[in-house]
Number of protein chains: 2
Amino acid sequence: MEISPSMPIREPVEGIPGDRALGDLERLASVARYGIGETVYRFNDPSEYWFRILSGAARKSTLTGDGRRHIVDFILPGDMFGFDAAECRQFCVEAIAPGTLIARYPCRSAERLADSDPQIARIVREAAFESITRLQRRMVTLGRTSALEKVSTFLLEMADRYHTAATHTVLLPMSRYDIADYLAMAVETVSRTLTELRARHTIALGAVRQVRICNRGALEEVADRLTEPGSSAPRDLTRIASSPMPPAAKSPRGIHHQRCNDRWGR
Amino acid sequence: MEISPSMPIREPVEGIPGDRALGDLERLASVARYGIGETVYRFNDPSEYWFRILSGAARKSTLTGDGRRHIVDFILPGDMFGFDAAECRQFCVEAIAPGTLIARYPCRSAERLADSDPQIARIVREAAFESITRLQRRMVTLGRTSALEKVSTFLLEMADRYHTAATHTVLLPMSRYDIADYLAMAVETVSRTLTELRARHTIALGAVRQVRICNRGALEEVADRLTEPGSSAPRDLTRIASSPMPPAAKSPRGIHHQRCNDRWGR
DNA sequence: CGCGCCATTGACAGGTGTCAAGAAACGTGG
DNA sequence: CCACGTTTCTTGACACCTGTCAATGGCGCG
């Protein structure tokens, strides 16, 4: 029994909302609604389902031995999740927004369907690739050393994932604690950093979780780009990489050490 | 031409070494040998190939705007990589061991093959799932705050990935700088931490990159587990999670704040 | 209303990045 | 084989950032 015991609704599936057409895969789905904090699956549960979130939000997290929590991923509408190579769940997933809608696909049936329908197989494959892309980009975020970088990158990520170009305002579904555990820093530092960004007039805070991006340029400046791939100037990395460590303006010396292509063409 | 211009060898593919049977996929492959530092693909290259590393090692990295480097993944024998959802490469991959052998599969042909052969599709899908699993586990590593935790987790990861249970000695293919950029910390700290671990007799250093794990228990203690899923005691997370923040011995208060299932069953 | 949870702010110490210097390892060429 | 330059690795000193502890206010909810 891996689904929350209190899971109330089980809608007959016809016309699942969402931006991606899953074709026959939808007929395997059952949809459930989750309240805040309700568990979608637990650590060590058997990996028997794939999931897709239709509305709301969820967090995928783990607890370390000393009782600290780390959030591996925020799951937003349209995302597929639960692609685990292992037999058992390595993480647990809980809803963080009220009335979060999640579709569930039995692995085995879905696999069988994928075996018979290349179209399905392709959809699943691409969903998995998207997960990889998201995780890798997130990796870079976590790799940032300063709190300002992390939080700025996080805000940009949320803005992008919510396609909030129009109004420039994001309504964060997660608490400061969640953000802290997501960025691997203390809550207090998250709070302080947001205050700092507000003081700089880079962002404005309406309700506590309502962030308006006043100066996206400044935010990207701090976040150091790489958050969004398709931006204007892809930045010529080869130049930076191949030159023997250029001054690079006010480079904080930082984490980069070896030039990218040493011993090139040896 | 995204492959290194100096790529010397192109073996006729028959009987690619490696631990996984790729079936007909192998007929699409071309294998090349790379020297240290040679580029497999670059940032912004079109994503036209999938890859599989047969021997040696490689790093997948990115450069931030201020010239720092972050290594997203170390790629070891058996790993498939290059699964990008985007049209262009978000990262660059370079060999870090001499004579690294890498097989290359054209995406389009491979996709076509996967469409016609469910077996192939399944193999690719599972390889992608494995990437996800590895990335997620790595996420947790990066989420660690202390240098000791990070380095310990890293050493355990390398030991596991090299299946080095027998001799307890790992020969790291990467430099300290690579490790630093992988763990998002300064080289000096990596060095200091290794020295510290040696002082504790947790590890021993033969050659500089030759690490012998003297006290795996201590290493796991510091790394806080979660690095390897299938260890003896999976640690009952539910207990920790559902109780209202137990004292948890000498809990450093840390990153964990909210109990896992608040408002459970609402 | 009062109890949790969430969010913010302050004070402080410890850890880690930074700068600097030197030792060790490696490859190359004499 | 040795000399030499380059790269890698280590160690030290110091300042700053961020985690920790503590206290307060706001907010939702029973």
Side-chain angles (χ1 to χ4, degrees), chain A residues 35-37 66-68 70 96 98 143-151 172-181 183-199 205-211 222 244-245 250-259 261-263 266, chain B residues 35-37 66-68 96-98 143-151 172-181 183-199 205-211 222 244-245 250-264 266:
Chain A
I36 290 182
D66 57 357
R68 305 190 306 191
H70 189 233
I96 55 178
R144 302 312 172 93
T145 48
S146 95
L148 265 174
E149 286 175 336
K150 281 186 182 177
V151 173
L172 301 176
M174 69 290 286
S175 73
R176 299 284 193 267
Y177 291 87
D178 287 333
I179 299 176
D181 293 352
L183 298 177
M185 43 195 277
V187 210
E188 296 91 333
T189 309
V190 173
S191 198
R192 264 188 276 267
T193 307
L194 287 172
T195 306
E196 167 70 17
L197 285 174
R198 190 184 52 189
L205 299 176
V208 208
R209 302 193 182 178
Q210 188 184 30
V211 180
V222 179
M245 197 57 183
K250 38 128 193 169
S251 163
R253 174 178 172 282
I255 294 196
H256 171 255
H257 308 278
Q258 184 189 20
R259 59 187 196 274
N261 300 319
D262 48 343
R263 311 189 204 182
R266 87 195 277 266
Chain B
I36 291 181
D66 57 357
R68 305 189 303 190
I96 55 178
R144 302 312 171 91
T145 47
S146 95
L148 265 175
E149 286 175 337
K150 282 186 182 177
V151 173
L172 301 175
M174 69 290 287
S175 72
R176 299 285 193 267
Y177 290 88
D178 287 333
I179 299 175
D181 293 353
L183 298 177
M185 44 195 277
V187 209
E188 295 91 332
T189 309
V190 173
S191 197
R192 263 188 276 266
T193 307
L194 286 173
T195 306
E196 167 69 17
L197 285 174
R198 191 186 51 189
L205 299 175
V208 208
R209 302 192 182 178
Q210 188 183 30
V211 180
V222 180
M245 196 60 183
K250 38 130 196 170
S251 163
R253 174 180 172 283
I255 293 198
H256 170 257
H257 307 280
Q258 185 188 20
R259 58 185 196 275
C260 198
N261 300 320
D262 50 341
R263 309 190 205 182
W264 170 264
R266 84 193 279 263

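Chain naming here is simple, since letters A, B, ... match the order of the sequence lines and numbering starts at 1 in each.
- Rounded to an integer number of Å, the gap from CD of Glu188(B) to P of dC19(C) is 10 Å.
- When the nucleotides dT18(D), dG19(D), dT8(D) are ranked by their closest atom to the side chain of Tyr177(B), dT8(D) comes out on top.
- For dG12(D), the base has a donor-acceptor partner in the side chain of Arg192(B) [N/O atoms by modelled type, under 3.5 angstrom].
- Taking atom CD of Gln210(B) as the reference point, atom C1' of dT8(D) lies 17 Å away to the nearest angstrom.
- Distance CG (Leu183(A)) to P (dG19(D)): 10 Å, rounded to an integer number of Å.
- Checking dG17(C), dT8(C), dC9(D) against the side-chain heavy atoms of Val208(B) singles out dC9(D) as nearest.
- Computed from coordinates, the Leu148(B) CG to dG15(C) C1' distance equals 11 Å when rounded to whole Å.
- In this structure, of dG19(D), dT16(C), dA7(C), it is dG19(D) that holds the atom nearest to the side chain of Ala186(A).
- At whole-Å resolution of the value, CG in Leu172(A) and C1' in dA7(C) are 13 Å apart.
- Computed from coordinates, the Leu194(B) CG to dT16(C) P distance equals 13 Å when rounded to whole Å.
- Contact between the side-chain N/O atoms of Arg209(B) and the OP1/OP2 oxygens of dC9(D) is found at a separation under 4.0 Å.
- Note: CG (Leu205(B)) to C1' (dA25(C)) measures 14 Å, nearest angstrom.
- Comparing dA7(C), dT10(D), dG17(C) against the side chain of Thr189(B) picks out dG17(C) as the nearest.
- Distance from the side chain of Arg176(B) is smallest to dC9(D) among dT11(D), dC9(D), dT16(C).
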